[in-house]
Amino acid sequence: MRPEAPVTIRLEDYQPAPYRIETVFLYFRLMPTATTVDAHLVITPAIGTPAGTPLVLDGDELDLTGLLLNDLPLSPDDISVSSNQLELKSPPAEKFDLKIQTRINPDGNSKLEGLYRSSGTYCTQCEAEGFRRITYFLDRPDVLAVYTTRVEARKSEAPTLLANGNPVEAGVVEGTDRHYAIWHDPHPKPSYLFALVAGDLAKVSDQFVTQSGRKVDLNIYVEHGRETSCDWAMDSLKRSMKWDEDTFGLEYDLDVFNIVAVSDFNMGAMENKGLNIFNDKYVLADPKTATDQDYANIEAVIAHEYFHNWTGNRITCRDWFQLCLKEGLTVFRDQEFSSDMRSRAVKRISDVKLLKAHQFPEDAGPLAHPVRPREYQEINNFYTATVYEKGAELIRVLTTLLGAEGFKKGLNLYFQRHDGDATTIEAFLACFENATDKDLSRFAKWYDQAGTPEVAIETQYDAADAKFSIHLSQSIRELASQPEAEPVSIPLRFGLLSKEGQPLVPSSASGMMISGDILVLDKTEGTVTFKGLSEAPVLSILRDFSSPVQLKFDQSAEELLFLASHDADPFNRWQSLQTLAIRELLRLTKASRTGAKMVADTALVAAYGQALAFAEKDPAFCAQALTLPSEQDIAREQAQDVDPDAIFAARKTLMRAVADAYREQFVDVMKLRPTGAFSPEAEAAGRRTIANRALVYFAHSGADTVAKTIADKFRSADNMTDVMAALTLLVNLNMPARSEALGIFRDQYKTASLAMDKWFQVQATDPNNDCLANLKSLMTDPLYDAGNPNRIRALVHSFAAGNPTQFARKDGRGFDFVADVITKIDSRNPQVASRLLTSFRSWRSLEESRSQKAKQALLRISDVSNLSRDCREIVDKTLK
Ligand code: B3K
Ligand code: ZN
């Protein structure tokens, strides 16, 4: 029997709140299982609200223990109360006071939404709808209030007491073992930005002086003993603050900026005003336990949350459909920050790889939705790659369409016009239209249409007339919810190259909007013609990945090889080699399935050899170039009848061919590993990346010293990047030293939980056949904690999303394993369960026998009678 029918929330039904709550006083008496929350709300009917309109406050699993209206009790006839709603049937027509007391159980809160405890520390997560698990409230982003929070706890249990804003007062509660702190946040904010932390934490402090000379105290709170692992996060924070001032003129606006790291957290981090709460994985770093990727992620996430202070907090969303207003823009800002801190080209390549790996499949499958969705059942399901990553790409498209100056003008107007507002995408775009006098109506369609647009390209050269023309057309796959998609504005950055690789400059161009090196396709199709070209140019198109589209362009292998070494645009140098590799891998995949002989193309192998020449000059870029398309990349390109084993075999074939052709060079490149004291900076990290990429190739070569070399590398590694590079090879290639190495790692890091996540993860992505049996036994390891989201993700999500041959096993046991975990976790933590469930989204593209097994597993999940709203929405859509 199903519980209640799912409720669909629709953008078109949006109504402003009938009441305003402008002042909130909160008084928390913290106790592990029985915390009391006194909320004192000052409420005013909104202009135009008819007298007597009921006030309906949201709640979720709440226990109401007291209620006063203007300090008087209410009669039971005047209210209606349940654990998820409090209704005042006929509130006063004038401003009134509402005092609500609720009792909540932080220890019993396994959903990690609202107030809960993580390793003894009280903390909160209120976005999107967690505040209603603390008190009854108008828990929606367009209700902005000034909060004062008093936090009281036993001093021995929680010496540190934090909330949003600035500290106002602290003291002891006379005659008790309790103490308190009062915090005041002068900036009106929505309830999703509320935060509180209380616990026994160590503090690392620093200071930042803003451009106008205000001193800001910076604190990072962590478990005792972790203080020395906060340096990189603190450094990243100061660089973010400076960068936002230098780049956008945006300054911080409180006296303190606090960051707290906790070990049980559903996602990466949270931008609560003045009190960011982080998954400790995005704060703690030292060379022994963090990889270069961890360092880069910490820098990016610290920046992202800090940047939300303006894009998200000062200007927030009117409703949750506008989520990309803050997320897309803030991801764009953090990407730009990282590009300025590191190599711009390498950052662009990795962002596009991420977009294609996560967002493209989402857009191509049953969970596709527009960047601004039109409906949802559970908003937590919409913190997606589409809202975040495609949302960021749209901001990038906007900068390309308007130019850097135009974009800046529009953004400045946005900050001026909307500071303090809860607003919409329309209002955001209007700022850019007003500031630049451009019509963005075509561009705006990007926000409302799901699916990756496909851009088909055909070229023609007419030697007699020295004319070169490019015909372009765009289309989006049809969806039931979107029968007739409309064309969007697609800026395509391009270049025309001579045979020598020099830019060719035509005498004129006609037929399509073109400015500088950008063509804008904003109709279904169009042709641009260049004149005065005495030789046939080689076209480099979609440079820097200037629009989030799928190209359909049958460019010859000769041209792609040429671009891979000659294009002035580094992104397209990388992309050309990838395109060639994908073509070859699809061919080899087919050969593997038909039993034909599998021999890798020599021209492609030679192109990898050429790329190797840049190992020393540009190690990070070279490492990207030398990374073969992933199994998932190949599956995505194939799109249907996918056989992961054949893909795996194809990839191995190409890998071995390159490895054997350049074995000696790889041995040399392995020596580029930096020596001396560890540095997390981009330069040293780049050298480690290329050295480890070379190690992967060497491991796939036929050299008889492979097993010993990799085992030695594991033993001699002095930083986590190198440890993991060697360990991954020992596991994936099932080398003799594998189990000894896993044992050494476990012994060494058993108390370092972030390092142990890597130990679980490397075994979860093991492509060998006994992976599944091993994972099942790992789940009984005392170090496996089924309540910790990081641990579950390390083991189960890594398996489902990162181990295509084992997850999609022919016998269906991979699917069954994940389905069992989902149904088990769902009642405890629905957000984690539904995130896991999205790993099934590409099930229909698998070959028939495997897709049938996936369907059976999904049907079993669907049959669970009390499935959460989170999982119900995802499973229904996935099966539809
Ligand atoms: N805004 C939060 C994400 C909240 C997720 C709620 N399920 C982190 C971020 O995007 O910065
Ligand atoms: Zn964000």
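Order of listing sets the numbers, starting from 1, for every ligand and every atom in it. In what follows, every heavy atom counts, from backbone to side chain, and hydrogens, waters and symmetry copies are set aside.
Near His308, with a cut-off below 4.0 Å to any heavy atom, the atoms of ligand 1 are 9 (C), 10 (O), 11 (O). Numbered from 1 in the order shown, with element, the atoms of ligand 1 that lie under 4.0 Å from a heavy atom of Glu327 read 1 (N), 9 (C), 10 (O). Counting atoms of ligand 1 from 1 in the listed order, those under 4.0 Å from a heavy atom of Asn380 are 6 (C), 7 (N). Heavy-atom proximity to Met270, at under 4.0 Å, picks out these atoms of ligand 1: 1 (N), 2 (C). Set against the non-hydrogen atoms of Lys326, the atoms of ligand 1 under 4.0 Å away are 1 (N).
Salt-bridge check for Glu426 with Arg318: failed, with every basic side-chain N at 4.0 Å or more from each acidic carboxylate O. Contact check on Arg239 versus Glu299 returns a salt bridge, with a Lys/Arg side-chain nitrogen under 4.0 Å from an Asp/Glu carboxylate oxygen. For Arg344 and Asp544, the salt-bridge test fails: no basic side-chain N is under 4.0 Å from an acidic carboxylate O.
In this structure, the protein non-hydrogen atom closest to atom 8 (C) of ligand 1 is Ala269 O, 2.9 Å. In terms of protein heavy-atom proximity, atom 10 (O) of ligand 1 is closest to Tyr388 OH, 2.4 Å.
Residue Glu127 holds the heavy atom nearest to atom 4 (C) of ligand 1 of all those in Glu378, Glu271, Glu127, Gln831.
Atom CZ of Arg835 is surrounded by 12 or fewer heavy atoms from other residues, nucleotides or ligands within 6.0 Å. Atom NZ of Lys189 sits in a crowded spot, with more than 12 heavy atoms from other residues, nucleotides or ligands closer than 6.0 Å.
For a threshold of 3.5 Å applied to N or O pairs, the pair formed by Tyr383 and ligand 1 contains no separation below that value.
Below 30°, between 30° and 60°, or above 60°: for Phe137 and Tyr147 the angle between ring planes is between 30° and 60°, a tilted geometry.
No side-chain donor-acceptor contact under 3.5 Å links Asn276 and Glu305.
At the Zn ion (ligand 2), the vertex angle linking OE1 of Glu327 with NE2 of His308 is 100° (nearest 10 degrees).
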